[in-house]
**Student:** 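Encoded as structure tokens, here's the structure I'll be asking about.
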Amino acid sequence: MKYTAPPYTYDVLPFPPVKEAWLHTARWRYVENVFREVCRKYGYREIRTPILEQTELFTRSIGEATDIVSKEMFTFTDRGDRSLTLKPEGTAPVVRACIERKLFAEHPLLKLYYIGQNFRYERGQRGRYRQHQQLGVEVFGAVDPALDAEVILLAMDFYRELGVIDQELHINSVGTPESRVTFKQALKDYARPFLAELSGEGQGRFEMNPLRMLDTKNENDLRLLADAPRLVDFLDPESAEHFEKLQSYLTSAGVPYVVDHRLVRGFDYYTKTAFEIVGNSLGSQNALGGGGRYDGLVDECGGGHVPGIGFGLGMERCLITLDALGIDLPTADERPLAFIITLGDENLVRPIAVKLLTKLRAAGISCDMDYKSRKFGHQAKRADDLGARFTLILGDEEAQRGVIQLRDQSSKEQREIAIDLAAAELVLFSHG
RNA sequence: GCGACUGUAGCUCAGUUGGUUAGAGUGCCAGGUUGUGGCCCUGGAGGUCGUGGGUUCGAUCCCCAUCAGCCGCCCCA
């Protein structure tokens, strides 16, 4: 094999591999359409940003200390000696675009969605790839917790629309950067006495990122930290009220949720609300999507005091979950309505077939013919494989008389019609 | 970045305790059967057994390395 796809990338095919139904373009289109439709319903507009950004946009916004920035970005220097990075996440580029294009000036409340490719240099796993498609929304301009609720509702709505029923909504509040400083100190004070008993990762996080000690999967660590201080107890009054209101909105909207005191987000820019939607069908990569509020990010990027909240979900994990749940997506009908079978003298019959194809297509009818075999059996099998509803059989005799055999593939009824009327005849079937 | 496991036909997989010519099903091609098929029958093409090295009279099989996949950790969507 001379050329292969780069490690931990994949191809989405028109005919999916036997074992990976999610690698089917029809499924991708369907999910994207559902997402667009949900976003439309909620009043979100689509934004598309470049796949590349200045490296500094990410190092500043995501945080230098995170793994993503320190070792997982696809960064290179271009011929003009600029450091560029394939975007590892969707939020910062949207923020950059809104600031640069001055969208906040004319849109005090700005609701956006995007579908785009993200890149992270990581070891692959089920549902985790180096190029990954993210679907997401961002809202700028208000700190109203009802807006947090709307974003969460939009996300839940999306999954429900797809038929996912085993989703769980986890929420938490990470407060402000200031309240987090106090909390981190309290957490470290709590853990210090048994620091030596924590796992290696736990000890590392104690120093590097105390919040993430809570997020461990190590059972011993979980036991030791069972009674650790909780973020909600350290929130500033404003964040606490915000969190209370969010919960009441979710309750009145009838959305079940669990307050997950261990839920923290990976990026530095999150404030107040953090949430995650967890599926049970993905093994260890069980986070279907997540998001949170980032009231300081726009300011950090030089756009002034504009609060924001967003949500992002991974296309691959979403599709894999749909597969695991056995959800059969209603994919668009790609079958041709008609398939032309030609027989006899090619010089006589082919030009007529090509002309008829052109005419049918001009009338909006999907149709095809066989360009390879000449035996009737093969052409018929081809029509059958493609799932054509009708075959149009054209031989020497029909050609001379200006007619064609119109055969219904399922009922096997066949009748002769004038070639000139074929398009009009088939149009009747093309919309139902 | 760390640790398991797996790489045999287009696809799904057998198999070889190291032995001459590596199999099945399915798909593909051809014929049976130049114009009414989807079934069936017969035949065919398709493999450097992931790649490179080592051990051996002999390696698809054992050993080492490497690449890729997959799973767990890390991180995250």
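Below, chains carry the letters A, B, ... as their sequence lines are ordered, and counting in each starts from 1.
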**Student:** Contact class for A:L343 (heavy atom, under 4.0 Å): base, sugar-phosphate, or nothing?
**Tutor:**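 Contact class for A:L343: base.
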**Student:** Does A:R45 count as lying over the ring of A:Y113, i.e. NZ or CZ under 6.0 Å from the six-ring centre, within 45 degrees of the axis?
**Tutor:**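 Here A:R45 fails the 6.0 Å and 45° test against A:Y113.
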**Student:** Can you see if the side chain of A:H378 gets near the phosphate of B:rA30 - specifically, an N or O under 4.0 Å from OP1 or OP2?
**Tutor:**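 Result: yes.
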**Student:** May I have the distance from A:R126 (atom CZ) to B:rC70 (atom C1'), rounded to whole angstrom?
**Tutor:**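 Result: 9 Å.
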**Student:** When the C1' atoms of B:rC73 and B:rA14 are compared, how many Å lie between them, rounded to an integer?
**Tutor:**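 B:rA14 and B:rC73 have their C1' atoms separated by 34 Å.
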**Student:** Does A:I341 reach a base, just sugar-phosphate, or nothing at all? Heavy atoms under 4.0 Å.
**Tutor:**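 The residue A:I341 makes no contact with any strand.
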**Student:** Side chains of A:H132 and A:Q117: does their closest heavy-atom pair fall under 4.5 Å?
**Tutor:**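 Sidechains of A:Q117 and A:H132: no contact.
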**Student:** Considering only B:rC71, B:rA77, B:rG35, which nucleotide approaches the side chain of A:R317 most closely?
**Tutor:**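 Per side-chain heavy atoms of A:R317, the pick is B:rA77.
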**Student:** Hey, can you tell me if A:F311 and A:Y159 have their rings parallel, tilted or perpendicular (30° and 60° cut-offs)?
**Tutor:**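 It falls in the perpendicular class, over 60°.
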**Student:** Check whether any side-chain N or O of A:K381 sits under 4.0 Å from OP1 or OP2 of B:rC28, and answer yes or no.
**Tutor:**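 For B:rC28, OP1/OP2 do have a side-chain N/O of A:K381 under 4.0 Å.
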**Student:** Rounded to whole angstroms, how far apart are CZ on A:F339 and P on B:rU36?
**Tutor:**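 Checked: the CZ to P distance equals 17 Å.
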**Student:** With A:L224, which of A:L222, A:N220, A:D227 fulfils side-chain contact (heavy atoms from CB on, under 4.5 Å)?
**Tutor:**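 Single side-chain contact (heavy atoms from CB on, under 4.5 Å) partner of A:L224 among A:L222, A:N220, A:D227: A:N220.
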**Student:** Do the non-hydrogen side-chain atoms of A:R293 and A:H242 ever get within less than 4.5 Å of each other?
**Tutor:**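 With C-beta onward as the side chain, the pair touches.
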**Student:** Between C1' on B:rG37 and CG on A:L386, what's the gap in Å once rounded to a whole number?
**Tutor:**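 Interatomic distance, CG of A:L386 to C1' of B:rG37: 14 Å.
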**Student:** Taking the P atom of each, how far is B:rU66 from B:rU21, in whole Å?
**Tutor:**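 It comes out at 32 Å once rounded to the nearest Å.
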**Student:** Can you check the distance between B:rC74 and B:rU51, where both ends of the measurement are the P atom (answer in whole Å)?
**Tutor:**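 Pairwise P distance, B:rC74 against B:rU51, rounds to 35 Å.
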**Student:** Rounding to the closest angstrom, what is the interatomic distance between B:rC2 and B:rA45 at atom P?
**Tutor:**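 It works out to 47 Å between them.
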**Student:** Contact between A:I393 and A:E416 at the side-chain level, heavy atoms closer than 4.5 Å - yes or no?
**Tutor:**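 With C-beta onward as the side chain, the pair stays apart.
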**Student:** Classify A:D396 by what it touches in the nucleic acid, base, sugar-phosphate, or nothing, heavy-atom distance under 4.0 Å.
**Tutor:**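 If one applies the 4.0 Å heavy-atom cut-off, A:D396 turns out to touch a base.
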**Student:** Look at the side chain of A:E122 against the base of B:rA77 and say whether a donor-acceptor pair falls under 3.5 Å; ignore hydrogens and angles.
**Tutor:**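 By the distance-only test, yes, there is a pair.
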**Student:** According to a cutoff of under 5.5 Å between the ring centres and under 30° between the ring planes, does A:H132 stack with the base of B:rA77?
**Tutor:**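 So A:H132 counts as stacking on the base.
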**Student:** Please determine, for B:rA77, whether a Watson-Crick or G-U wobble partner exists with both distances under 3.5 Å, and give it or none.
**Tutor:**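 For B:rA77, the partner nucleotide comes out as none, under the 3.5 Å rule.
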**Student:** State which of B:rC28, B:rU36, B:rC70 makes the closest approach to the side chain of A:Y8.
**Tutor:**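 Out of B:rC28, B:rU36, B:rC70, the nucleotide with an atom closest to A:Y8's side chain is B:rC70.
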**Student:** A:E72 has an atom CD; how far is it from atom P of B:rC73, in whole Å?
**Tutor:**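 Computing the A:E72:CD to B:rC73:P distance gives 15 Å.
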**Student:** Can you tell which of B:rC28, B:rG35, B:rA77 lies closest to the side chain of A:Q134?
**Tutor:**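 Among B:rC28, B:rG35, B:rA77, the one nearest the side chain of A:Q134 is B:rA77.
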**Student:** Taking any heavy-atom pair under 4.0 Å as a contact, classify A:P17: base, sugar-phosphate, or nothing.
**Tutor:**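 The answer is nothing, as A:P17 stays clear of every strand by at least 4.0 Å.
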**Student:** Paired with B:rG19 by Watson-Crick or G-U wobble geometry, both distances under 3.5 Å: which nucleotide is it?
**Tutor:**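 Because both required distances fall under 3.5 Å, B:rG19 counts as paired with B:rC57.
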**Student:** Could you tell me the separation between the CG atom of A:D345 and the C1' atom of B:rG35, rounded to a whole number of Å?
**Tutor:**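 For the pair A:D345 CG and B:rG35 C1', the rounded distance is 14 Å.
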**Student:** Side chain of A:K19 only, please: which of B:rC13, B:rA77, B:rG37 is the nearest?
**Tutor:**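 Output: B:rC13.
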**Student:** In this structure, how many angstroms lie between the P atom of B:rG37 and the CG atom of A:D370, rounded?
**Tutor:**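 So the CG-P distance, A:D370 to B:rG37, works out to 17 Å.
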**Student:** Where the side chain of A:Q405 is concerned, which of B:rG35, B:rC73, B:rG37 is the nearest nucleotide?
**Tutor:**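 Between B:rG35, B:rC73, B:rG37, the one nearest the side chain of A:Q405 would be B:rG35.
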**Student:** Between B:rG1 and B:rU8, how far is it from one P atom to the other, in whole Å?
**Tutor:**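 25 Å, rounded to whole Å.
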**Student:** Any donor-acceptor pair under 3.5 Å linking the side chain of A:R128 with the backbone of A:R123?
**Tutor:**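 Side chain of A:R128 to backbone of A:R123: a pair is present.
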**Student:** Counting the atoms with a prime plus P, OP1 and OP2 as sugar-phosphate, which does A:Q133 contact under 4.0 Å by heavy atoms, base, sugar-phosphate, or nothing?
**Tutor:**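 No contact at all - A:Q133 keeps every heavy atom at 4.0 Å or more from the nucleic acid.
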**Student:** For atom C1', what is the distance between B:rA68 and B:rC49, given to the nearest Å?
**Tutor:**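 Pairwise C1' distance, B:rA68 against B:rC49, rounds to 16 Å.
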**Student:** When the nearest nucleotide of RNA chain B is assigned to A:K412 and to A:D215 on a heavy-atom basis, which residue is associated with the more 5' position?
**Tutor:**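 So the residue in question is A:K412.
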**Student:** Strictly distance-based, threshold 3.5 Å: is any side-chain N or O of A:N33 a donor or acceptor partner for the main-chain N or O of A:R29?
**Tutor:**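 Yes, the answer is positive, given that a donor and an acceptor are paired below the 3.5 Å cut-off.
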**Student:** Under 3.5 Å, is there any donor-acceptor pair linking the side chain of A:R123 to the base of B:rG72?
**Tutor:**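 Such a pair does not exist between side chain and base.
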**Student:** Counting side-chain heavy atoms from CB outward, which of B:rG72, B:rU33, B:rU36 is closest to A:K375?
**Tutor:**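 When the side chain of A:K375 is considered, B:rU33 is the closest of B:rG72, B:rU33, B:rU36.
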**Student:** Between the side chain of A:W28 and the main-chain N/O of A:W22, is any donor-acceptor distance below 3.5 Å?
**Tutor:**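 Yes; judged by distance alone, with no hydrogens or angles, the pair exists.
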**Student:** How far, in whole Å, is B:rA24 from B:rC61 if one measures between their P atoms?
**Tutor:**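 The same atom, P, in both gives a distance of 22 Å.
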**Student:** Can you check whether any acceptor in the base of B:rG35 is under 3.5 Å from a donor in the side chain of A:E398, or vice versa?
**Tutor:**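 Yes, the side chain and the base share a sub-3.5 Å donor-acceptor pair.
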**Student:** Could you check A:P6 against A:K71 and say which one's nearest nucleotide on RNA chain B is further toward the 5' end?
**Tutor:**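 Counting from the 5' end, the first nearest nucleotide belongs to A:P6.
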**Student:** Does B:rG37 have its OP1 or OP2 closer than 4.0 Å to a side-chain nitrogen or oxygen of A:R382?
**Tutor:**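 Answer no for this pair, as no side-chain N or O of A:R382 is under 4.0 Å from OP1 or OP2.
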**Student:** Of the nucleotides B:rC71, B:rC73, B:rU36, which one has an atom closest to the side chain of A:F376?
**Tutor:**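 The listed nucleotide nearest to A:F376's side chain is B:rU36.
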**Student:** Give me the distance, rounded to whole Å, that separates B:rG69 from B:rU55 when you measure between the C1' atoms they each carry.
**Tutor:**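 Taking atom C1' in both B:rG69 and B:rU55, they lie 28 Å apart.
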**Student:** Would you indicate, yes or no, if B:rU36 has its OP1 or OP2 atom less than 4.0 angstrom from a side-chain nitrogen or oxygen of A:Q414?
**Tutor:**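 No, because none of the side-chain N or O atoms of A:Q414 sits under 4.0 Å from OP1 or OP2 of B:rU36.
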**Student:** In whole angstroms, how far is the P atom of B:rU36 from the CD atom of A:E397?
**Tutor:**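 Interatomic distance, CD of A:E397 to P of B:rU36: 13 Å.
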**Student:** Among B:rA77, B:rC73, B:rG69, find the nucleotide with the atom closest to the side chain of A:A287.
**Tutor:**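 Nearest nucleotide to the side chain: B:rA77.
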**Student:** Starting at CD of A:E413 and ending at C1' of B:rU36, how long is that distance when rounded to a whole Å?
**Tutor:**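 For the pair A:E413 CD and B:rU36 C1', the rounded distance is 15 Å.
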**Student:** Tell which nucleotide pairs with B:rU26, taking only Watson-Crick or G-U wobble pairs whose two distances are both under 3.5 angstrom.
**Tutor:**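 When the pairing criteria are applied, B:rG10 turns out to be the nucleotide that pairs with B:rU26.
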**Student:** Under 3.5 Å for both donor-acceptor distances, Watson-Crick or wobble: does B:rG47 have a partner, and if so which one?
**Tutor:**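 Partner of B:rG47: none found under 3.5 Å.
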